[in-house]
Student: 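What follows is a single structure, and I will ask about it in a moment.
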Protein chains: 2
Amino acid sequence: MTVNSERISSGERREQILVAATEVFGQYGYVGATTDRVARAAGISQPYVVRLFGTKEQLFIEALRYTLAKLLAAFRAAIAEQPADGRAVERAMESRLGEAYVELVADRGLLLTLLHGFMMGSEPVIGPVARDGFMQVYRMLRDEAGFTPDQAHRFLADGMLINTLLASGLALQLSADAGAAELFSCTFGDKLRTVLDHAAA
Amino acid sequence: MTVNSERISSGERREQILVAATEVFGQYGYVGATTDRVARAAGISQPYVVRLFGTKEQLFIEALRYTLAKLLAAFRAAIAEQPADGRAVERAMESRLGEAYVELVADRGLLLTLLHGFMMGSEPVIGPVARDGFMQVYRMLRDEAGFTPDQAHRFLADGMLINTLLASGLALQLSADAGAAELFSCTFGDKLRTVLDHAAA
DNA sequence: GTCTATATGACGATAGAC
DNA sequence: GTCTATCGTCATATAGAC
C-alpha cells in the first residue's frame with residue numbers, strides 16, 4: 001500500500017476531525033467556530049466535514065463526547081495507578097486525580113470545549129450530553145475513587161475554580177498580581193509547578 | 001413633558017440596552033448574540049445599538065462590566081448587612097455572601113454573561129476586563145469580608161461549581177437523578193431552597 | 001435621538017463530479 | 001472518499017434622512 005496519498009478510512013478521518021474540532025471549538029466557542037476552520041485544521045475541505053458529521057451541531061456533540069471520554073479515561077487511569085516501585089509512597093487518591101486533571105486541562109482546546117458544553121445546558125440536544133458527562137465524573141469519583149459525597153463535591157468545586165483560573169488567563173499575570181499568586185497557591189497547592197510549566201509553554 | 005413618547009437621554013438608553021444585552025449575551029454567547037436581537041429586546045433599531053456602543057465587542061465589554069459591578073455591589077451589601085432586629089442571630093459572613101451569590105446568579109443572563117467573560121481570557125480586550133473583575137471579587141472577600149486566603153479560595157471554588165451546576169441545567173433533573181441530588185445537597189447546603197425556588201420559576 | 005436602506009462579508013449546507 | 005462550485009441566509013457596520 002502507498003503511504004501518504006492513500007485514502008484513509010472514514011473512521012480515522014473522523015478521529016482526525018474530532019481532534020481538530022476540539023481545538024477550534026475551544027478557541028472560538030460553539031457559534032464562533034466554523035466548519036471551514038475545522039476542515040482546514042484537519043487538512044480537508046469544508047463540505048467533507050459536513051458530509052461526515054451531518055451538521056455542525058452533531059460535530060460539536062461528538063467533540064464534546066470525545067473530550068468527556070478523555071477525561072473519564074484519565075481519571076480511570078489515575079484511580080488504577082499503582083507505584084511501580086514498591087518503596088515509593090503511594091500518593092493519596094485525591095492528589096493523583098488532581099494532578100491528572102491539571103495535566104489534562106492544560107490543553108486549552110479540551111478545557112474550553114468542555115466548558116462550552118457545560119454552559120450550553122439549555123440547548124436541547126447538547127445539554128443532556130454535557131449533564132450526563134458531568135454526572136458520570138461525579139459517580140466515578142464516588143463509586144470508583146471511593147470519595148464521600150462531600151469529598152467529591154470539594155474535588156469538583158476545586159476543579160471548576162481551576163477551569164476558571166486557566167480559562168480566564170490569570171496564570172499569565174501571576175508575577176504582576178500578588179493576589180492572584182496567593183489564590184493560585186491555595187488552589188493548586190503542589191500542582192502549582194505543573195500549571196506554571198504548562199503556562200510557560 | 002409627555003410621558004411615553006418622550007425621547008429619553010442616551011444615558012438611560014445605554015442602561016436599557018445593557019440590561020437587554022446581558023440577557024441576550026447570556027442566552028446566545030458572545031458570537032451567537034446579534035446586535036439585532038439586543039436591539040429588539042431593548043425596543044430600538046439595530047443600527048442605533050451600534051451607534052451608541054461603537055462595536056459589538058464594546059457592547060459586550062460594557063455588559064460584562066455591568067454584571068461585574070452588580071456582583072460587587074451585591075457582595076458589598078451582604079458584607080455590610082446588619083440584622084434590623086437586634087434579637088436576630090447574625091448569620092456568618094460566608095453564609096450571607098453565599099446566599100447573595102445564589103440569588104444573583106439565579107438570573108441566567110447575568111450568570112452566563114459572566115461565564116462567557118471568564119472564558120474569553122485570550123481575547124486581548126475582553127480578557128483583561130474579566131480577569132480584573134475576578135480579582136476584584138477575590139480582594140473584596142479577603143480585605144472587606146475578612147476571609148483568609150484559603151477561606152476565599154474555598155468560597156470561590158464553591159461559587160464556580162454553583163455556576164457549572166446552574167449553567168448546565170442539572171437543577172432540572174434533580175428528581176430523576178439521585179447523584180445530582182446528592183451533589184446539590186453538598187454544594188448548596190441551606191441555600192438549596194433558594195435554588196429550587198428559582199429553578200421552578 | 002432615532003430611523004430606513006444597504007454595502008459587504010461570512011457561514012452552513014447542498015449538488016454533483018471524480 | 002473527497003473535491004469544487006454555489007445557493008440562501010444572516011450579521012456588522014455605514015450612510016444619510018428626519
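Order of the sequence lines sets the chain letters (A, B, ...), proteins ahead of strands, with each chain counted from 1. No hydrogens, no waters, no symmetry mates; every other heavy atom, side chains included, goes into these values.
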Student: Could you check whether the rings of B:Phe75 and B:Tyr101 sit parallel, tilted or perpendicular, using 30° and 60° as the cut-offs?
Tutor: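 Correct class here is tilted.
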Student: Show your reasoning for whether side chain to side chain contact (heavy atoms under 4.5 Å, CB included) applies to A:Thr148 and A:Gln151.
Tutor: CA-CA 5 Å; A:Thr148 66; A:Gln151 265 184 310; 3.4 Å; yes
Student: Roughly, in whole Å, what's the span from CZ in B:Arg14 to P in C:dT2?
Tutor: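 Atom-to-atom, B:Arg14 to C:dT2, this comes out as 13 Å.
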Student: Please report the closest heavy-atom contact between B:Ala41 and B:Val24, naming both atoms and the distance.
Tutor: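 Closest approach of B:Ala41 to B:Val24: CB-CG2, 4.3 Å.
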Student: Rounding to an integer number of Å, can you tell me how far A:Leu52 CG sits from C:dG12 C1'?
Tutor: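 So the two atoms are 15 Å apart, to the nearest Å.
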Student: Determine, stepwise, if the pair A:His153 / B:Asp158 fulfils side chain to side chain donor-acceptor pair (under 3.5 Å).
Tutor: CA-CA 9 Å; A:His153 150 247; B:Asp158 262 319; 2.7 Å; yes
Student: Atom OH of A:Tyr28 and atom C1' of C:dC11: how far apart are they, to the nearest Å?
Tutor: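 The answer, rounded to whole Å, is 14 Å.
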Student: For DNA chain D, find the residues of residues 36-51 of chain A with a heavy-atom distance under 4.0 Å and give them by number; none if there aren't any.
Tutor: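 Those residues whose heavy atoms fall under 4.0 Å from DNA chain D, taken from residues 36-51 of chain A in numerical order, are A:Ile44, A:Ser45, A:Pro47, A:Tyr48, A:Arg51.
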Student: Determine whether B:Thr194 and B:Glu99 satisfy the following criterion, side chain to side chain donor-acceptor pair (under 3.5 Å), listing intermediate values before the conclusion.
Tutor: CA-CA 8 Å; B:Thr194 309; B:Glu99 185 80 32; 2.6 Å; yes
Student: Is A:Lys56 close enough and on-axis enough to A:Tyr30, meaning under 6.0 Å and within 45°, for cation-pi?
Tutor: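 A:Lys56 over A:Tyr30 ring: yes.
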Student: Rounding to 10°, can you tell me the angle the first-five-pair axis of the helix from C:dG1-D:dC18 to C:dC18-D:dG1 makes with its last-five-pair axis?
Tutor: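 For the helix from C:dG1-D:dC18 to C:dC18-D:dG1, the axes at opposite ends meet at about 10°.
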Student: For A:Val38 versus A:Ala20, what's the shortest heavy-atom pair and its separation?
Tutor: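 What the structure gives for the nearest pair is O-CB, 3.8 Å.
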Student: Output the rounded distance in Å from CD (A:Glu57) to P (C:dA13).
Tutor: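 Interatomic distance, CD of A:Glu57 to P of C:dA13: 9 Å.
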Student: C:dC11 P sits how many Å from A:Tyr30 OH, rounded?
Tutor: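 Rounding to the nearest Å, OH of A:Tyr30 and P of C:dC11 are 15 Å apart.
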Student: Does the side chain to side chain contact (heavy atoms under 4.5 Å, CB included) test come out yes or no for B:Thr34 and B:Arg37, once each step is laid out?
Tutor: CA-CA 5 Å; B:Thr34 67; B:Arg37 252 190 270 259; 3.4 Å; yes
Student: CZ of B:Phe53 versus C1' of C:dT2: gap in Å, rounded?
Tutor: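 Whole-Å distance recorded here is 15 Å.
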Student: Return the value, rounded to whole Å, for the distance between atom NZ of A:Lys56 and atom P of D:dT9.
Tutor: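 Atom NZ in A:Lys56 sits about 18 Å away from atom P in D:dT9.
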